[in-house]
Q: 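Handing you this structure, nothing more for now.
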Amino acid sequence: MNFLADFFGDASRWSGPDGIPVRLLEHLEFSAAAFLVAALIAVPLGMLIGHTGRGALVVVVAANAARALPTLGLLVLVVLLAGVGTVLPVLIPLIVLAIPPILVNTYEGVRGVDADLRDAAYGMGLRGRQVLFRTLTPVALPLILLGLRLAAIQVVSTATVAAFVGLGGLGRFIIDGLATKTYASVIGGAVLVAALALAVQFAFLLLDRVVVSPGVRQVR
C-alpha cells in the first residue's frame with residue numbers, strides 16, 4: 001500500500017508530459033485506434049462467413065493464431081521492418097491480437113442462430129442481406145459484443161508494449177520503473193492498466209444492457 005500511496009500521492013504524477021492524464025490519453029489513443037481497425041475488419045468478415053458458411057477455415061486459423069500469437073515477438077518484428085518513430089510497431093500487433101476474438105465470436109454468433117428462425121425469415125420474403133441484418137444480427141449480438149469486449153480488454157492490457165519502442169502510454173510507468181528500480185511506479189502503472197481494463201469491461205456490460213433486445217437476453 002505504501003507503494004501505491006507514494007505513486008498516486010506524488011503531485012508531479014498528475015501534471016506534465018509524463019503525468020498520469022497524458023499517459024492515460026496516449027494509452028487510450030493506441031488502444032482505440034487498434035480496436036477500431038480490428039472491429040472494422042473482423043465484424044463484417046465474421047458476419048459474412050457465418051451467414052454464407054464460406055471461408056470457415058479463416059476462422060479456424062484465426063482461433064489458432066489467438067492461442068499462439070507472441071505479441072512481443074511480433075512487435076519486435078514490425079519494429080525491424082518499419083523502424084521506430086511511428087505508431088505502426090504498436091498498432092499492427094494490437095490489431096492482429098484483437099481480430100481473432102472478434103472474428104470467432106461474430107462467426108459463431110451468426111452461424112449459431114436457430115435454423116428455424118432463419119428459414120422463417122426467408123419464408124417471409126426477406127433476401128440474403130435482409131435476413132443477415134434484420135434477423136441474424138440482432139440474435140447474434142450478445143456473442144458479437146462478447147468478442148468485442150474480449151478484444152478491447154486484451155488490447156488495453158497489451159498496449160503497455162508501446163513503451164518497449166519508446167512510445168508513451170501507461171506502460172511507460174512500468175518499463176521506466178523497472179529500468180530505474182522505482183517499484184512504486186511499476187505497481188502504480190500496473191494498477192492503472194488493470195483499472196482501465198475493468199472500466200472497459202464495465203462499459204461493454206452497460207452497452208450489452210442497452211443494445212441487446214430484452215427478448216434475446218431472456219433466451220440466453
Q: Give every donor-acceptor pair under 3.5 Å between a side-chain atom in residues 137-156 and any protein atom, sequence neighbours left out.
A:
unit_1: Thr137; atom_1: OG1; unit_2: Leu132; atom_2: O; d: 2.7

Q: Assigning hydrophobic clusters by single linkage (Ile, Leu, Val, Met, Phe, Trp, Tyr; side-chain heavy-atom cutoff under 4.5 Å), is Val211 placed with Met47?
A: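 Shared cluster, yes.
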Q: Between His51 and Leu136, what is the shortest heavy-atom contact and its length?
A: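 Result for this residue pair: ND1-CD1, 3.4 Å.
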Q: Are Leu28 and Val200 linked, directly or through other ILVMFWY residues, by side chains that come within less than 4.5 angstrom of each other?
A: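 As far as the 4.5 Å side-chain criterion goes, Val200 and Leu28 are connected within one cluster.
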Q: Output every pair passing salt bridge (charged side-chain N to carboxylate O under 4.0 Å, His left out) with a member in residues 11-20, not counting sequence neighbours, ordered by first then second residue.
A: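 Qualifying pairs: Asp18-Arg23.
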Q: Taking all non-hydrogen atoms of both residues, which atom of Leu94 and which atom of Ala34 are closest, and how far apart?
A: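 It is CB-CB, 3.5 Å.
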Q: Do Val210 and Leu205 share a hydrophobic cluster (ILVMFWY, side-chain heavy atoms under 4.5 Å, transitive)?
A: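 No: no chain of side-chain contacts under 4.5 Å links Val210 to Leu205.
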Q: Can you list every pair that meets salt bridge (charged side-chain N to carboxylate O under 4.0 Å, His left out) and has a residue in residues 157-174, with sequence neighbours left out?
A: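 Those involving residues 157-174 are Arg172-Asp176.
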Q: Which distance, rounded to the nearest 0.5 Å, do you find between the OG of Ser185 and the CG of Leu178?
A: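 Atom-to-atom, Ser185:OG and Leu178:CG are 8.5 Å apart.
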Q: Cluster question for you: counting only ILVMFWY and a side-chain heavy-atom cut-off of under 4.5 Å, with indirect links fine, are Ile174 and Val22 together?
A: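 Different clusters.
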Q: By the rule that ILVMFWY residues connect when side-chain heavy atoms come within less than 4.5 angstrom, directly or transitively, which residues belong alongside Met124?
A: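 Direct or chained contacts put Met124 with none.
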Q: Ala33: what forms a side-chain contact (heavy atoms from CB on, under 4.5 Å) with it, not counting sequence neighbours?
A: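 Ala33 satisfies side-chain contact (heavy atoms from CB on, under 4.5 Å) with Leu91 once adjacent residues are dropped.
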Q: What residues join Leu40 in its hydrophobic cluster, counting side-chain heavy atom gaps under 4.5 Å, either direct or through other members?
A: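 Via sub-4.5 Å side-chain contacts, Leu40 links to Leu36.
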Q: Enter the distance from Arg134:CZ to Arg127:CZ here, rounded to the nearest 0.5 Å.
A: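 The distance works out to 11.5 Å.
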Q: Using a side-chain heavy atom cutoff under 4.5 Å and only I, L, V, M, F, W and Y, what cluster partners does Leu206 have?
A: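 Hydrophobic cluster check, Leu206: joined to Phe202.
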Q: Search all heavy atoms of Gly50 against all heavy atoms of Val110 and return the closest pair with its distance.
A: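 Closest approach of Gly50 to Val110: C-CG1, 3.6 Å.
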Q: Ring pair (Phe, Tyr, Trp, His ring centres under 6.0 Å): which pairs involve residues 9-31, sequence neighbours left out?
A: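 Residue pairs passing ring pair (Phe, Tyr, Trp, His ring centres under 6.0 Å), neighbours aside: none found.
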Q: Are Ile102 and Leu207 joined in one hydrophobic group, where the rule is that I, L, V, M, F, W and Y side chains link up if heavy atoms are under 4.5 Å apart?
A: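 Linked within one cluster.
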Q: In Å, rounded to the nearest 0.5 Å, how long is the span from CG of Leu126 to OG1 of Thr135?
A: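 Going from the CG atom of Leu126 to the OG1 atom of Thr135 covers 5.5 Å.
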Q: Sequence neighbours excluded, which residues qualify as salt bridge (Lys or Arg N to Asp or Glu O under 4.0 Å) partners of Asp10?
A: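 Per chain and number, Asp10 pairs via salt bridge (Lys or Arg N to Asp or Glu O under 4.0 Å) with no residue.
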Q: Not counting sequence neighbours, which residues clear side-chain contact (heavy atoms from CB on, under 4.5 Å) with Leu45? List them please.
A: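 In terms of side-chain contact (heavy atoms from CB on, under 4.5 Å), with neighbours along the sequence ignored, Leu45 is linked to Ile49, Val58, Leu103.
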Q: Sequence neighbours excluded, which residues qualify as ring-ring contact (aromatic ring centres under 6.0 Å, His included) partners of Phe173?
A: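 Here the qualifying residues are Phe7.
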Q: Could you list the donor-acceptor pairs under 3.5 angstrom formed between side-chain atoms of residues 187-198 and any protein atom two or more places apart in sequence or on another chain?
A:
none

